[in-house]
Amino acid sequence: MWYLLALSLLVLQFNKKISVILLMVTAAVGAYTQVLDWRALTFMAGLAIIAGAYCKFSGKVPRTLLEILLVLASVGLMLHLIPGFHNLRVLEGVRAGPESAPFSMYYNFDKALVPFVLLICLKSLFTTDTRPRTKPWHWLALVVAVPVLLMVAVALGGLKVELHQPQWLFQFVLANIFFVSLAEESLFRGYLQQRLSSVMHPVLALLIASLLFGGMHYAGGMLLVIFATLAGLIYGLAWVLSGRLWVAVLFHVGLNLCHLLFFTYPMWQRLPHIS
């Protein structure tokens, strides 16, 4: 079912009807396999009703109120606050390397719904024509910024260079593309940064979206907040320069992949010295 869910997200930008049909089939399989219980199904049905009302009403006030509800629902899905979603734990307490901290990884059904919800609010979620003229060095600088940021994290003591070839690399990439990065970029770049850019200077919108993205990582400590904020600037610039959400997702996944393959992941765990 997870491949089916990924496929529904892959075609969402190009054919909404087919994507929604695939999502409905996936939800049915999820209910059968108890990944979704009655609370999650009820929540999804409520979202469908709100979405229908949003598309039906033409008044500014009711549409604004309904959009707020949809965005709040997206935030709740992003932060796993909505009950009834039993996400699949793919990895539990694994170590990428001897000096890497143990971590667990999930296929997140709730986060995967975020692009569906936000596309209802903003038809230009995936693509916009309001992008500046770019030069090759702009993209070169953005690509170089990815390893530079990781090396800054090394200098600050959060990471350490450590090469990995994990057996679960495919699962990591699949989860990062469809069940993590696409949802986060949809909320912070495709929706929030784009909405803010329509009422303020794009640079200020970029900064605010990046700061909020960094703040979402507060549970990992201040160093992670700073790292995520700087990473958010890279993803936000990728969105600004390209006007394409999938480009921002590509940078997001690329940074996470570089992090996994060449550095301690998700962080450097200082082991106690044995004398």
Side-chain angles (χ1 to χ4, degrees), residues 5 8-14 16 19-20 23 43-44 46-48 50-55 57 60-82 108-132 176-217 228-229 231-253 255:
L5 181 57
S8 70
L9 287 163
L10 186 63
V11 302
L12 178 60
Q13 176 183 352
F14 310 103
K16 299 179 184 61
S19 180
V20 170
L23 177 63
F43 180 81
M44 292 174 67
L47 281 179
I50 296 174
Y54 181 83
C55 296
F57 289 123
K60 183 176 181 180
V61 173
R63 282 177 65 87
T64 299
L65 293 175
L66 290 171
E67 183 170 335
I68 291 173
L69 285 177
L70 290 171
V71 173
L72 289 176
S74 298
V75 173
L77 290 166
M78 179 77 66
L79 300 178
H80 309 298
L81 299 178
I82 310 301
N108 298 304
F109 199 112
D110 43 7
K111 289 185 74 168
L113 294 176
V114 172
F116 288 96
V117 178
L118 294 179
L119 187 59
I120 298 167
C121 304
L122 194 59
K123 295 185 183 299
S124 59
L125 181 75
F126 280 94
T127 179
T128 177
D129 292 328
T130 58
R131 60 184 188 274
N176 258 262
I177 295 174
F178 296 106
F179 310 134
V180 178
S181 298
L182 180 57
E184 293 179 359
E185 294 310 303
S186 295
L187 177 58
F188 289 98
R189 257 59 67 175
Y191 181 81
L192 182 60
Q193 186 173 328
Q194 188 174 177
R195 279 290 196 218
L196 290 175
S197 295
S198 66
V199 296
M200 63 180 66
H201 196 282
V203 173
L204 183 57
L206 169 65
L207 292 174
I208 293 175
S210 299
L211 286 169
L212 290 174
F213 178 70
M216 186 183 71
H217 297 79
T229 300
L233 290 174
I234 296 176
Y235 311 150
L237 285 170
W239 162 256
V240 170
L241 295 178
S242 67
R244 301 293 183 268
L245 183 66
W246 277 107
V247 174
V249 172
L250 178 63
F251 271 86
H252 194 150
V253 175
L255 189 148

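Residue numbers run from 1 in the order of the sequence given. Since this is a predicted model, take the numbers as computed values, not measurements.
Across A248 and A238, no two heavy atoms sit closer than the pair CA-CB, 4.1 Å. Heavy-atom minimum distance, M200 versus A205: SD-N, 3.9 Å. Summarising the geometry of P115 relative to L125, their closest heavy-atom pair is O-CD2, 3.7 Å, with the distance given to 0.1 Å.
Applying the side chain to side chain donor-acceptor pair (under 3.5 Å) rule to S242 yields no partners; only residues at least two apart in sequence or on another chain are considered. The side chain to side chain contact (heavy atoms under 4.5 Å, CB included) search around A51 returns I120, not counting sequence neighbours. A search for side chain to side chain contact (heavy atoms under 4.5 Å, CB included) contacts involving A53 returns F57, L66, not counting sequence neighbours. For R195, the salt bridge (charged side-chain N to carboxylate O under 4.0 Å, His left out) partners are E67, not counting sequence neighbours. Remark: T64 engages no residue in a side chain to side chain donor-acceptor pair (under 3.5 Å) (not counting sequence neighbours). Taking L211 as the reference, T229 meet the side chain to side chain contact (heavy atoms under 4.5 Å, CB included) condition, with sequence neighbours excluded. In this structure L47 satisfies the side chain to side chain contact (heavy atoms under 4.5 Å, CB included) test together with F43, L70, A73, L77, V117, sequence neighbours excluded.
The closest side-chain heavy-atom distance from Y235 to V249 is not below 4.5 Å. Side-chain contact between M44 and F109 is present, with heavy atoms from C-beta onward closer than 4.5 Å. Between V240 and P202 the shortest side-chain heavy-atom distance does not fall below 4.5 Å. Between I177 and W246, some side-chain heavy-atom pair lies under the 4.5 Å cut-off. Looking at heavy atoms from C-beta onward, F251 lies out of side-chain contact with L237 at the 4.5 angstrom threshold. In this structure the side chain of Q13 never reaches within 4.5 angstrom of the side chain of L245, judged on heavy atoms.
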Checking L196 against L206 for the side chain to side chain contact (heavy atoms under 4.5 Å, CB included) test, could you report, in this order, the C-alpha distance in whole Å, the side-chain angles of both residues, the deciding distance, and whether it holds? CA-CA 8 Å; L196 290 175; L206 169 65; over 6 Å; no
Give the intermediate values and the outcome of side chain to side chain contact (heavy atoms under 4.5 Å, CB included) for residues V114 and E184. CA-CA 8 Å; V114 172; E184 293 179 359; over 6 Å; no
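In this structure a side-chain-to-backbone donor-acceptor pair under 3.5 Å is missing from S8 to S19. One N or O on the side chain of S186 and one on the backbone of L182 form a donor-acceptor pair closer than 3.5 Å.
Of the inter-residue distances, the one linking L5 atom CG with L23 atom CG reads 7.0 Å to the nearest 0.5 angstrom. Annotation: the span from R244 atom CZ to F126 atom CZ amounts to 12.5 Å, rounded to 0.5 Å. Atom CG of L192 sits about 10.0 Å away from atom CG of L118, to the nearest 0.5 Å. T127 OG1 to Q194 CD: the interatomic distance, rounded to the nearest 0.5 Å, is 9.0 Å. The OG atom of S124 sits 9.0 Å away from atom CG of D129, with the distance rounded to the nearest 0.5 Å. The CG atom of L250 sits 11.5 Å away from atom NE2 of H252, with the distance rounded to the nearest 0.5 Å.
Applying the side chain to side chain donor-acceptor pair (under 3.5 Å) definition to pairs two or more places apart or across chains, none involves residues 207-217. Residue pairs meeting the ring pair (Phe, Tyr, Trp, His ring centres under 6.0 Å) criterion with at least one member in residues 178-209, sequence neighbours excluded: W2-F179, Y107-F179, F188-F213. Within the structure, the salt bridge (charged side-chain N to carboxylate O under 4.0 Å, His left out) test picks out no pair touching residues 113-128 (sequence neighbours left out). The side chain to side chain donor-acceptor pair (under 3.5 Å) pairs that include a residue from residues 70-82 are H80-D110, where partners are two or more places apart or lie in different chains.
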